[in-house]
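Everything numeric here is computed off the predicted structure, so don't read it as measured data. First listed ligand is number 1; within each ligand, the first listed atom is number 1. Computation of the quantities below employed the complete heavy-atom set of this structure, encompassing side-chain atoms and omitting hydrogens, waters and symmetry-equivalent molecules.
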Amino acid sequence: MSARYQQTRFVMSAQKPRDLPPESLPEVAFAGRSNAGKSSALNTLCQQRALARTSKTPGRTQLINFFEVPGTGYLVDLPGYGFARVPAAVKRQWHELIEYYLANRRALRGVMLMMDIRHPLKDLDWQMIRWCENAGVPVHILLTKADKLKHGAAKRSLMQVQKALREGGSEATVQLFSAPGRTGVEQAWQRLDQWMGVADAAQES
Ligand SMILES: Nc1nc2c(ncn2[C@@H]2O[C@H](COP(=O)(O)OP(=O)(O)O)[C@@H](O)[C@H]2O)c(=O)[nH]1
Ligand SMILES: [Mg+2]
């Protein structure tokens, strides 16, 4: 149970850099390929059914959605990437908005990067990791849908991703996650607490 994240509520959407709200509390952004399980992870971490919309068909709206954890910070849902049938102009707009947000947002403390455990570290995931590195923003990866693999296979995949990150010179951290199984929820909360500067984060871990 986390009373803190349970109180999260939608605040606003931004489509262009000039729509971004003024910076105040710490922000943690959620990123990932379309269908990686980003909305499901947000809903699970906030213990809400429909805070962020989940679907089987990737959406076309390229919005940054801001959710407030009252008194603590913002969870910022970045548009999913890698959806093949998006027009080039929309991809370009996505690229500009995300890169602008990552490079210029001083309130941004970290990026939670969702990757389907069966398809980790695709080219666009690496691009996101590099953008964050260039912006000096730490990355924590959730290997989602861990329930789709047997325990041993999930563990092996976790270790392979850790190794690939090390070999790629990335300092990103990584964990297993499952929305229906609630695997890794506590671990992800600890990272959010840490990034948002929640006072008792150290004692809880
Ligand atoms: N088995 C399983 N399915 C998941 C999990 N997370 C998401 N899904 C499913 O994967 C699909 C895409 O999830 P969604 O959260 O909408 O992905 P998004 O596009 O990254 O926001 C949906 O059908 C979800 O029900 C998970 O941890 N386990
Ligand atoms: Mg989604």
Whether Gln175 side chain and Leu143 backbone form a donor-acceptor pair below 3.5 Å: no
Relative to each other, are the rings of Trp189 and Tyr5 parallel, tilted or perpendicular (30° and 60° limits)? parallel
Quick check: are there more than 12 heavy atoms from other residues, nucleotides or ligands sitting under 6.0 Å from CE of Met12? yes
With a cutoff of 4.0 Å, is Pro180 in contact with ligand 1, counting heavy atoms of the residue only? yes
Do you know which of Thr173, Val111, Leu192 makes side chain to side chain contact (heavy atoms under 4.5 Å, CB included) with His140? Thr173
Regarding ligand 1, does Gly37 bring an N or O atom to under 3.5 Å of one of the ligand's N or O atoms? yes
Numbered atoms and elements of ligand 1 in range of Arg33, under 4.0 angstrom, heavy atoms: 20 (O)
Lys148: numbered ligand 1 atoms lying under 4.0 Å from its heavy atoms: 1 (N)
Is there at least one pair of N or O atoms, one from Asp147 and one from ligand 1, spaced under 3.5 Å apart? yes
Please list, in number order, the atoms of ligand 1 under 4.0 Å from a heavy atom of Ala179. 26 (C), 27 (O)
Check ion pair Asp125-Arg33 (N to O, under 4.0 angstrom): no
Does any N or O of ligand 1 fall below 3.5 Å from an N or O anywhere on Ala36, backbone included? yes
Backbone or side-chain N/O/S of Ser40 under 2.8 Å of the Mg ion (ligand 2): no
Does any pair with a residue in residues 153-165 pass side-chain hydrogen bond (donor to acceptor under 3.5 Å, both in side chains), and if so which ones, sequence neighbours excluded? Lys163-Glu167
Counting heavy atoms not belonging to His151, are there more than 12 under 6.0 Å from its NE2? no
Would you check whether Thr144 has a nitrogen or oxygen atom less than 3.5 angstrom from a nitrogen or oxygen atom of ligand 1? no
Check each of Gly80, Ser39, Ser40 against atom 24 (C) of ligand 1 and report the one with the nearest heavy atom. Ser40
